[in-house]
Protein chains: 2
Amino acid sequence: MDSPVGFIGEPADGLLRKLRVRDQISREEEAVIRGVIAEVRVVKAGQIIVPAEMPVSISTLLCDGLVCRYKDLGSGRRQIMDIHVAGDFVDLHAFLLGKLEHNVAAITDCRLAIVPHKALRAITETHPHLARFLWFVTLVDAAVLREQILSIGRRNALQRIAHLLCELEARLQVVGLAEGGRYRLPLTQSDVADATGLTSVHVNRTLRTLRDRGLATFRSGEVTIHDQPGLRQVAEFDPGYLYIGRRPI
Amino acid sequence: MDSPVGFIGEPADGLLRKLRVRDQISREEEAVIRGVIAEVRVVKAGQIIVPAEMPVSISTLLCDGLVCRYKDLGSGRRQIMDIHVAGDFVDLHAFLLGKLEHNVAAITDCRLAIVPHKALRAITETHPHLARFLWFVTLVDAAVLREQILSIGRRNALQRIAHLLCELEARLQVVGLAEGGRYRLPLTQSDVADATGLTSVHVNRTLRTLRDRGLATFRSGEVTIHDQPGLRQVAEFDPGYLYIGRRPI
DNA sequence: CGCTCCTTTGACAGTAATCAACAATTGTGG
DNA sequence: CCACAATTGTTGATTACTGTCAAAGGAGCG
């Protein structure tokens, strides 16, 4: 079984870390955030956390593990839209949408913090700054989706995979889960294919090319970036779209 | 020059229409929305409305015309992430992000309503329901982006273009700009290529196939859907991701 | 009326998909 | 703890979808 991708800490630690690289969070706000967590659950790898089209009244904060959002199409085609790491809300969009049009599934065993929509709604009524913050993280989600569109639409296989590895490194770094160009990524090549709009066979060949060129290695659930500048150049990766950096929200 | 794609009315009419298919808007809220519009501007086709990376302190509501968000990559590659129609905020995401990582450009001549971020911020402080509504429309933007990822990642050229035509019909219908399977769409085939991750040559061939199969015609800036069920089936189009339909927000 | 942009078409190239088989790894149960 | 099953990874041969290059015909504009 995969060891959890994440740190063991208070459920909201990852989220707070993610927020604090963007703006200040007061002690009182921190308490509010910690307070909205109704419960912590554990799910097994492969389990569906939020099925498409099911009305939901809670949102889920990922404490550790890896989660993806995906849609299925006819004849076995599957597309992963986004991969979530510790500190991400995996279904905050459902707070106002009421349901999701895609599935959310655990890639690895995960620890999840449950936040009732009622509590989120209360935040929008009484804590506008926190509400904007929550809105903000959904906007960063959208920015990641736009970059994903660019990737799949206009980058070739090598660039797409390189880009994915660069993005995950940057996002994992924010929550302290990547250092020295190494991080755990317990995806199968088939998962990578679904995330990049390729086939697993082609992913396999492309990963070999990345290795042969001395750019990065992805093997047994672990990524090692050998040459970050080189990899970023190949991918045309610019982390600006992650909106990391302080700015009043 | 293209005639404007839209209706002539009060600047906020399109937005209100879009909101009211989702939830109730009180008279007082309607007044607030109309009140935040500081000014109405007109831009010419092709003009960049919001350049990437430029700090912004206003957001832009599209009254009529067609707008796109896009990013450029090396060697002339361009990807359109989203096309906006009357009633859409074209850069509401910048309210909290502070800037955008992509460009926003007018495809046709446009009428734009300008909303200062200060006014939006005030709404988050004093009108939580409206604030959630604004948040909601950015979440629908994200849902459209996810569907776009699915399209480009897993649908072939015919399906992608069919899907684009289905989506735009559904979105234009909300604001009353498509009826009887016909609507104005003053895009070049090159624009369609950039929106679907294809080349203009291939778009041209694929449009011919759509025509030959009696599904839809796209010619001189106008779309005619001859066989909606057929087109939707080809595209595997399901409008659920547009979250049209009433639900308290 | 000449120019520019857009559309259309053909020939050819190339990236990635498909099909198929086998190796390696991980998991399971006796 | 070993043997078998299942999943995942690897590689080769072939196909096909889409891209690239090139050129000509239309349409709109000044």
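So you know, we letter chains A, B, ... as the sequences are listed, proteins then strands, and number each from 1. Quantities reported herein were computed from a predicted structural model and do not represent experimental measurements. Computed over heavy atoms, backbone and side chain alike; hydrogens, waters and symmetry mates excluded.
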For B/A170 and B/I244, which heavy atoms make the closest approach, and how far apart are they?
-> O-CD1, 4.4 Å

A/H163 vs A/Y241 aromatic rings, parallel, tilted or perpendicular, using cut-offs 30° and 60°?
-> parallel

Starting at CG of A/L210 and ending at P of D/dG9, how long is that distance when rounded to a whole Å?
-> 15 Å

Does the side chain of B/L187 come within less than 4.5 Å of B/I83's, by heavy atoms?
-> yes

Set of salt bridge (charged side-chain N to carboxylate O under 4.0 Å, His left out) partners for A/R77, sequence neighbours left out = B/E236

So which of B/L177, B/T224, B/I225 actually passes side chain to side chain contact (heavy atoms under 4.5 Å, CB included) with B/Y183?
-> B/I225

Angle of first-five versus last-five pair axes in the helix from C/dC1-D/dG30 to C/dG30-D/dC1, to 10 degrees | 50°

Which one of A/R182, A/R211, A/H226 satisfies the side chain to side chain donor-acceptor pair (under 3.5 Å) criterion with A/T217?
-> A/H226

Whichever of B/R154 and B/T188 has its nearest DNA chain C nucleotide further upstream toward 5' | B/T188

To the nearest angstrom, how far is A/N156 atom CG from D/dG19 atom C1'?
-> 12 Å

With distance as the sole criterion, is a donor-acceptor pair present between the side chains of B/T209 and B/D212 under 3.5 Å?
-> no

Grab the NZ-C1' distance between B/K44 and D/dC29 for me, whole Å please.
-> 14 Å

Between C/dA16 (C1') and A/I152 (CD1): distance, integer Å = 14 Å

How many Å lie between CD on A/Q159 and P on D/dG19, as a whole number?
-> 15 Å

If only side-chain N and O atoms of A/R219 are considered, is one of them under 4.0 Å from the OP1 or OP2 phosphate oxygen of D/dT10?
-> yes

In numerical order, the residues of residues 192-208 of chain B whose heavy atoms come under 4.0 Å of DNA chain D are B/G197, B/L198, B/T199, B/V201, B/H202, B/R205

To the nearest angstrom, the CG-P distance between A/L158 and C/dG14 comes to 17 Å

Tell me: CZ of A/R160 to P of C/dT15, nearest whole Å?
-> 13 Å

Check whether any side-chain nitrogen or oxygen of A/Q189 sits under 4.0 Å from OP1 or OP2 of D/dT10, and answer yes or no.
-> yes

Near A/Q233 CD, under 6.0 Å, is it more than 12 heavy atoms from other residues, nucleotides or ligands?
-> no

Whole-Å distance separating the CZ atom of A/R77 from the P atom of C/dA17 = 13 Å

Go through A/Q79 and A/H102 one step at a time and tell me if the side-chain hydrogen bond (donor to acceptor under 3.5 Å, both in side chains) criterion holds.
-> CA-CA 10 Å; A/Q79 180 65 44; A/H102 57 277; over 6 Å; no

